[in-house]
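FYI, side chains are in, hydrogens and waters are out, and symmetry mates aren't considered; it's all heavy atoms of this structure. Labels below follow one simple rule: chain letters A, B, ... track the order of the sequence lines, proteins then strands, and each chain is numbered from 1.
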Protein chains: 4
Amino acid sequence: MPGRAERIAADMRRALRYPSRMAKNRLEAFSDGVIAIIITIMVLEMKVPHGTDCAALVPVLPVFLSYVLSFLYVGIYWNNHHHMLHTVQRVSGGVLWANLHLLFWLSLFPFTAGWLGQNHLAALPTAVYGVVLLMAGTAYKILQQTIIARHGRDSLLGRAVGTDWKGYLSLAIYLVAIPLAFVNVWVANGLYVVVALIWFVPDRRIERALKRED
Amino acid sequence: MPGRAERIAADMRRALRYPSRMAKNRLEAFSDGVIAIIITIMVLEMKVPHGTDCAALVPVLPVFLSYVLSFLYVGIYWNNHHHMLHTVQRVSGGVLWANLHLLFWLSLFPFTAGWLGQNHLAALPTAVYGVVLLMAGTAYKILQQTIIARHGRDSLLGRAVGTDWKGYLSLAIYLVAIPLAFVNVWVANGLYVVVALIWFVPDRRIERALKRED
Amino acid sequence: MPGRAERIAADMRRALRYPSRMAKNRLEAFSDGVIAIIITIMVLEMKVPHGTDCAALVPVLPVFLSYVLSFLYVGIYWNNHHHMLHTVQRVSGGVLWANLHLLFWLSLFPFTAGWLGQNHLAALPTAVYGVVLLMAGTAYKILQQTIIARHGRDSLLGRAVGTDWKGYLSLAIYLVAIPLAFVNVWVANGLYVVVALIWFVPDRRIERALKRED
Amino acid sequence: MPGRAERIAADMRRALRYPSRMAKNRLEAFSDGVIAIIITIMVLEMKVPHGTDCAALVPVLPVFLSYVLSFLYVGIYWNNHHHMLHTVQRVSGGVLWANLHLLFWLSLFPFTAGWLGQNHLAALPTAVYGVVLLMAGTAYKILQQTIIARHGRDSLLGRAVGTDWKGYLSLAIYLVAIPLAFVNVWVANGLYVVVALIWFVPDRRIERALKRED
């Protein structure tokens, strides 16, 4: 049994090591929890219809479509968040808050997805949906930069981000789509689908490449 | 303290090992989170009645029954998901997305269970409930095949699936029950109960067999 | 790198060991998730009032009180569930389903607590609240017996349960309180408070005893 | 394979060690779960507006602002809870209940944030928001003292709390802001923002100091 002095010394050592070790697991677990809740409560915006015929389902359809798109987006964020944190070794307060900032914008998805779906893809809801996508994309970029600033440009993540054309392209497409929402909602919403596919499709190609090496 | 070059090399090695190791734990934790939320928010569809006499509880009864059935289904999926992932060693992007696809259909349970229950088991809600069961069952099958494709036919899961008559029988019963909903809702809903019992009952028999060997 | 045959053999060994090892962690994590969601979504039954004066808060008060009581109950269940699973070494399918059965009755707390609170502790909601408490208490007892049946009467849990007067006393009080709800709701609800205090208070006394030994 | 007697002996040893070891992980995981749910369901109070023009968004704005403030508060609590539990080695029943007491007051945030936002920061909702902040702050202090009582004044946490001017200042500001709500809601709400910034800003300064030492 260690004496009091040794226990305090061990406490101190642990506390100084703290910002590096602690948060990784709990940060992942907390983010997973928040993302799991976001992806699930979005379905609550699909209000149970009162009738029991096909006509009762018609107003649910656009909500369903916006749910599918938003589910895909949250799934992509979870997947990428995963990959990014995998390379992290040291978690600082800056990373914690950059992560909470990302979760904040993701938490608005149920609201914007619900508003978009319940209004048959109207102009302003389409634009607001895009603004939240833009802010979430920017928050992701900030989190990435915060991690790189802590790990160094030549860390694995730093070098990988050198080729992050997908991140910048996504932000550019959002910036185009938001004003376009007031011209043609179908084109704007179509662009949101395009961004989702950009992330969804090639991820699997990279995986297959990795699998061949495996 | 390792030098920068060694740290990068370690990063690279870890990243290449990544698709195998990483996702297993977080995939389980995330799936558990989503399933725990689905199974719990379903109860929110049981709206608190306004009266305080027995008559106020009558409209809650069918919602309660559809809640019991859906709780049983989600419990079975959690249980089986559990067993299936237990045999997994390598998680690829394909497995991640096949898993999210399964979670997507499961996330529609609160909607379809609420619609079914609030309409006294009417025809279209019964059929839609069956369609979501069918899609969830198919998504489970796809996840299973994706894992087997990655682990090989002679892996433990591959050989176990050779006898997966329960999976195919369930899909067949759903396919029969969906059109039947427009003929007789009691038979259709009864078939959903039968599928739940098929999964619920023999699982315990296998467990008892394993216990004897234990 | 192990060959295919060795990998299959390892798979088989792991699968046979499975019912003992697997579920413990995931069972705890899943239960924690469901209980965390139940305890949190209960607050959604406290509807945001429309006015901004004290009169607007008056109808919230009984909902708040029923929320406090239900929070205490769920906290006690989480705490005891915790202690009980701590002694578990082998998780069977029976334990899994007995656990889901307990979670099912706990998941009805938001409904019964909301109904009780929104009706100023009326007779039928008080009785239904008690029925769900009774069912949850019974489900807890079943889970306990299922674990003991698997671990043996002379296991730690088996011997501890020999003195489980609190469990039986609680069930007896519920059985008295439920019909009493139709005579006097204050006495019935008071009895629910008494059961909560029975569990809340002495737990801390035991802890203090353990602390002294520590 | 150990004999029955040895297994019981091992059970006993584990059970006696229990209050020290067990709860730490599950306590963290459960708290993370509850906090993740609180931070996410707050967004459900931002009701999807019915119109699709800018006028439809105007009533959402104060709810959005109160959501941002409450998100920040819950984020700070999560962050600090994290740091505090990191130093904990022994979890007693008292710590468990002090922790549940904190979670109880945090769980009221969705209610008070929704009421505040939906009433354009009216006087009584502002005061009630402050009361819940005060109770959560007090519950945090109680949890801190419970942990210190168990670990000793000269433990790491005990010494750190010697300088906990932020905790006491926050409670003092709440005590000033609550009656002020009936004089000027802007000043009262401004004070809540000030407390959030007191916690948010210097945390990062400490982290940077630690980083330099790192």
About how many Å separate [atom2] of [Y] and [atom1] of [X], when rounded to the nearest 0.5 Å?
X: D:L44; Y: A:E45; atom1: CG; atom2: CD; result: 7.0 Å
X: A:F109; Y: D:T40; atom1: CZ; atom2: OG1; result: 13.5 Å
X: A:F30; Y: D:N79; atom1: CZ; atom2: CG; result: 9.5 Å
X: A:I37; Y: D:I41; atom1: CD1; atom2: CD1; result: 8.5 Å
X: D:D32; Y: A:L27; atom1: CG; atom2: CG; result: 10.0 Å

Sidechain-backbone polar pair: A:W115 side chain, D:G51 backbone, donor-acceptor under 3.5 Å: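 Between the backbone of D:G51 and the side chain of A:W115 there is a qualifying donor-acceptor contact (under 3.5 Å).
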Chain A interface, residue from D:T52, D:L57, D:V60, D:D53 that has the most non-hydrogen pairs under 4.5 Å: D:T52
Residue, of D:C54, D:P49, D:G75, that accumulates the most heavy atom pairs under 4.5 Å with chain A: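 Looking at each of D:C54, D:P49, D:G75 in turn, D:P49 comes out on top.
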Shortest non-hydrogen contact from [X] to [Y]?
X: D:A36; Y: A:G33; answer: CB-C, 4.2 Å
X: D:H50; Y: A:N119; answer: O-OD1, 3.3 Å
X: D:W78; Y: A:L96; answer: CZ3-CD2, 3.5 Å

Ring geometry between D:Y67 and A:F104 (parallel below 30°, tilted from 30 to 60°, perpendicular above 60°):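 Parallel, since the angle between the ring planes stays under 30°.
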Trace of the side-chain contact (heavy atoms from CB on, under 4.5 Å) decision for D:I39 with A:L103: CA-CA 10 Å; D:I39 214 169; A:L103 294 178; over 6 Å; no
